[in-house]
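Shown next, in structure tokens, is the structure this report addresses.
All values below were derived from every heavy atom in this structure, side-chain atoms included, with hydrogens, water molecules and symmetry-related copies excluded. Sequence lines set the chain letters: A, B, ... in the order given, protein chains first and strands last, and positions in each chain run from 1.
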Amino acid sequence: MLLGALLGLWMVAAPARADDVTVAVARLPLPAGKKLDWDDLSTIKLPEELVPPTAVVLGADLVGKTLSMPVAVQSPIVRQRLVGMEVAPAPVAEGPAEQEVARELGVVAAIVQAGDKVGFVQVDASPACVIAWGEVVRRGSPATVRVPAYVVPELTLADDAAVLVPGPGARPPALPLCKVPPPADGVVPGEDGVPAEGEVLLEGDVPVDAEVVR
Amino acid sequence: MTLWLLGTLALAQSVTVQTARIDLPEGHVLRERDLAEVTLPERGLPMGTVTDATTVVGRTVKIPVFAGEMVRGEYLGPAQTVPDSLIPEGHWLLPADVRTESDETDLVRLMPGGFCVVARSVTVVLADAGWVAVPTARVPAAVASLRADASVRRADPGMRDCR
């Protein structure tokens with residue numbers, strides 16, 4: 001009888017994993033504009049993979065802060081949802097520094113979304129070449145696109161560059177990269193997965209996975 | 001024994017939770033590639049989390065979701081057409097001079113010896129604005145013709161390919 005009760009209790013209890021993290025979460029759905037106090041929060045254990053990198057894990061760091069947008073129940077609260085909490089730029093791991101640039105994409109802005117890869121092509125060059133491959137961060141007019149920092153001056157000058165947008169499952173086309181000045185950060189194109197000038201871009205070469213630098 | 005078996009099963013059961021792979025701004029239409037799956041024991045599942053990607057793909061982001069956050073139904077609005085579904089699989093969208101209303105079109109170029117075909121079977125995506133989808137293999141040739149006298153129209157039977 002006692003054994004059965006113990007086993008039943010074991011079944012009900014949430015099994016904690018070794019890599020679980022105790023994190024402050026919203027105890028109830030919280031609206032934008034709410035100034036957080038202890039009654040709004042509880043703690044739960046979550047696998048590390050479910051704790052966003054920008055989550056504020058300690059309740060003490062949340063109390064007194066104001067929400068800039070709603071938070072769902074039992075969700076960790078990320079810095080971006082708090083008024084006046086800046087998100088520190090992610091450290092640059094490998095490859096060239098990246099930069100976000102505003103770019104008018106014309107009507108195609110209605111088709112692209114955050115996460116889409118786009119190419120900017122210098123069509124009056126001979127042969128036509130790719131100034132930059134980038135990733136859309138925010139759609140809109142202008143859209144915000146993340147590109148390698150060393151191509152930003154060239155891209156800024158080439159305001160008539162044609163935009164290429166891939167459909168689902170499209171491999172990168174075999175287009176040469178335009179000649180660009182050497183990057184100031186010392187990362188030489190051709191290393192770290194970035195094609196060198198004149199190099200043909202092949203499948204898997206699109207250099208869009210480096211960390212963000214704002 | 002039965003309880004022991006049930007307890008073991010309870011421990012073994014796991015679920016997949018959908019999280020945001022990137023920052024998803026308001027108005028974004030969710031695609032499968034925007035999501036990352038995290039597996040955890042079912043009993044540790046926070047209430048309201050989305051487990052099945054197919055239930056949220058196509059829905060619009062109503063409240064921004066940030067990279068690594070669990071995707072929650074409260075943050076999502078109604079379903080919409082995913083914008084890039086307008087582009088055929090394996091094609092690239094690029095600007096071109098569209099001079100046809102036909103669905104069966106090709107990108108042709110006027111050369112000194114007459115017209116030749118830059119890319120066959122291109123898809124007109126935005127006719128008025130002049131955007132067409134071209135198979136990946138023909139993108140370099142199509143790009144090279146953008147500033148030349150190239151246009152999207154139906155190639156005449158027997159028209160040769162451009163070199």
Side-chain angles (χ1 to χ4, degrees), chain A residues 3-4 7-8 10-17 20 25 29 44-47 49-55 69-70 72-76 78 80-81 106-108 110-116 119 121 123-124 127-128 135 137-139 162-175, chain B residues 3-4 6-7 10-11 17 19-25 27-29 31 33-34 36 38-41 43-44 46-49 63-64 66-70 72-75 82-95 125-126 128-129 131 133 136-137 139-140 143-144 146-147:
Chain A
L3 182 63
L7 282 171
W10 172 61
M11 282 172 56
V12 171
R17 303 193 318 181
D20 279 356
V25 295
I44 59 173
K45 284 182 184 293
L46 286 177
E49 312 94 281
L50 275 188
V51 181
T54 54
M69 54 186 86
V73 63
Q74 288 203 333
S75 281
V78 294
Q80 294 95 321
R81 295 190 187 277
V107 291
V108 85
I111 288 182
V112 298
Q113 296 204 104
D116 281 344
V121 179
V123 292
D124 55 6
E135 179 171 334
V137 179
R138 276 178 295 280
R139 72 194 303 192
V163 182
L164 300 184
V165 181
R171 292 180 298 104
L175 286 169
Chain B
L3 281 173
W4 181 83
L6 285 172
L11 260 186
V17 173
T19 64
R21 191 182 62 78
I22 55 171
D23 288 350
L24 302 171
H28 186 94
V29 184
R31 299 162 296 190
R33 65 175 184 268
D34 299 324
V38 175
T39 303
L40 75 162
R43 290 192 177 281
M47 65 176 77
T49 48
I63 296 167
F66 299 97
E69 280 195 305
M70 288 176 275
R72 309 289 296 257
E74 301 96 306
Y75 296 155
V82 178
D84 68 3
S85 65
L86 296 171
I87 309 173
E89 181 93 17
H91 284 55
W92 284 75
L93 192 65
L94 51 85
V125 176
L126 299 166
D128 293 343
W131 285 84
T136 299
V139 168
V143 165
L146 285 180
R147 283 286 161 89

Quick one: CG on A:D116 to CD1 on B:I87, what's the gap to the nearest 0.5 Å?
7.5 Å
Here the gap from A:L50 atom CG to B:T49 atom OG1, rounded to the nearest 0.5 Å, amounts to 8.0 Å
Check each atom of [X] against the heavy atoms of chain A and say whether the ones under 4.5 Å are side chain, backbone, both or neither.
X      : value
B:P88  : backbone
B:A133 : neither
B:E89  : both
B:T19  : side chain
B:L24  : neither

Closest approach of [X] to [Y] (non-hydrogen atoms, all atoms of both residues):
X      : Y     : value
B:P46  : A:L46 : CG-CD2, 3.6 Å
B:E69  : A:P76 : OE2-O, 4.1 Å
A:A114 : B:D34 : O-OD1, 4.1 Å

When heavy-atom pairs shorter than 4.5 Å are enumerated against chain A, which of [options] gives the highest number?
options                    : answer
B:P64, B:G73, B:A36, B:A20 : B:P64
B:H91, B:R72, B:R33, B:M70 : B:R72
B:V139, B:V29, B:V17       : B:V29

Interface check, chain B: of A:V121, A:V51, A:V107, most non-hydrogen pairs under 4.5 Å belong to A:V107
Specify which of A:A162, A:P70, A:G119, A:G115 makes the most heavy-atom pairs with chain B at under 4.5 Å.
A:P70
With a 4.5 angstrom heavy-atom cut-off, which part of A:I44 approaches chain B: side chain, backbone, both or neither?
side chain
A:A55 versus chain B, heavy atoms under 4.5 Å apart: side chain, backbone, both or neither?
neither
What do the steps show when you test A:R81 against B:I63 for side-chain contact (heavy atoms from CB on, under 4.5 Å), and what is the final call?
CA-CA 10 Å; A:R81 295 190 187 277; B:I63 296 167; 3.6 Å; yes
If we only count heavy atoms from C-beta on, is the A:P173 to B:W92 side-chain gap below 4.5 Å?
yes
